[in-house]
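Worksheet: the structure to be examined is printed underneath.
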Amino acid sequence: MTGSVDPVQPAADVDPAAEPDNGMAEYYRLQRKLQQFTLVLSGVAVLVTALLLSWSAAFAVLVGATAALLYLRLLGRSVSRLGGERRGMGKAQLLVPILLVLAACRLPQLDLLPAFLGFLLYKPAVILQAVLDA
């Protein structure tokens, strides 16, 4: 057959080193963009909160947004380990919102609602990422 490609040998115009391993390069790019969107949305939310409400509420949003970035990082690490020898996801990322709520309940200078809303800022970043990729 002319024009067929041997399944064992890579095509001549394809660099095997540039090929992602099971799409992991694309996954890491998506993960990085999601963290960047979350960081930008968090910065805007902290500034708006500081201008419209108070510095205390802005600090709580900042703490919540930092927890969201940590949550995304742990979740991404857990997802990237799936396959191979691991069948399930880790539970470490689930501790982040629990610790955030506990900290907001224990520390009087940290308001619960702004901190939790700051934590949820990763959700609009996910929606924004989905809209931009579509």
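If you read the sequence from its start, that first residue is 1, and numbering goes on from there.
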Quick one: pull up [atom1] in [X] and [atom2] in [Y] and give me the separation to the nearest 0.5 Å.
X: Arg73; Y: Leu69; atom1: CZ; atom2: CG; result: 10.5 Å
X: Asp111; Y: Ser56; atom1: CG; atom2: OG; result: 4.5 Å
X: Leu100; Y: Leu112; atom1: CG; atom2: CG; result: 7.5 Å
X: Gln36; Y: Gln31; atom1: CD; atom2: CD; result: 11.0 Å

List the residues meeting side-chain hydrogen bond (donor to acceptor under 3.5 Å, both in side chains) with Arg29, not counting sequence neighbours, and say none if there are none.
Glu26
Please find the pair of heavy atoms, one from [X] and one from [Y], that lie closest to each other, and give the distance.
X: Ala45; Y: Leu121; value: CB-CD1, 3.6 Å
X: Thr38; Y: Ala125; value: OG1-CB, 3.3 Å
X: Pro114; Y: Ala60; value: CB-CB, 3.7 Å

Spell out, as yes or no, whether a donor-acceptor pair under 3.5 Å connects the side chain of Tyr27 to the backbone of Gly76.
yes
Which label fits Phe119 and Tyr71: parallel for a plane angle under 30°, tilted from 30 to 60°, or perpendicular past 60°?
perpendicular
Checking side chain to side chain contact (heavy atoms under 4.5 Å, CB included) between Gln129 and each of Asp133, Ile127, Val131, which is the one that passes?
Asp133
Are more than 12 heavy atoms from other residues, nucleotides or ligands located less than 6.0 Å from atom CZ of Phe37?
yes
Taking side chain as C-beta onward, heavy atoms only, is Leu117 less than 4.5 Å from Val61?
no
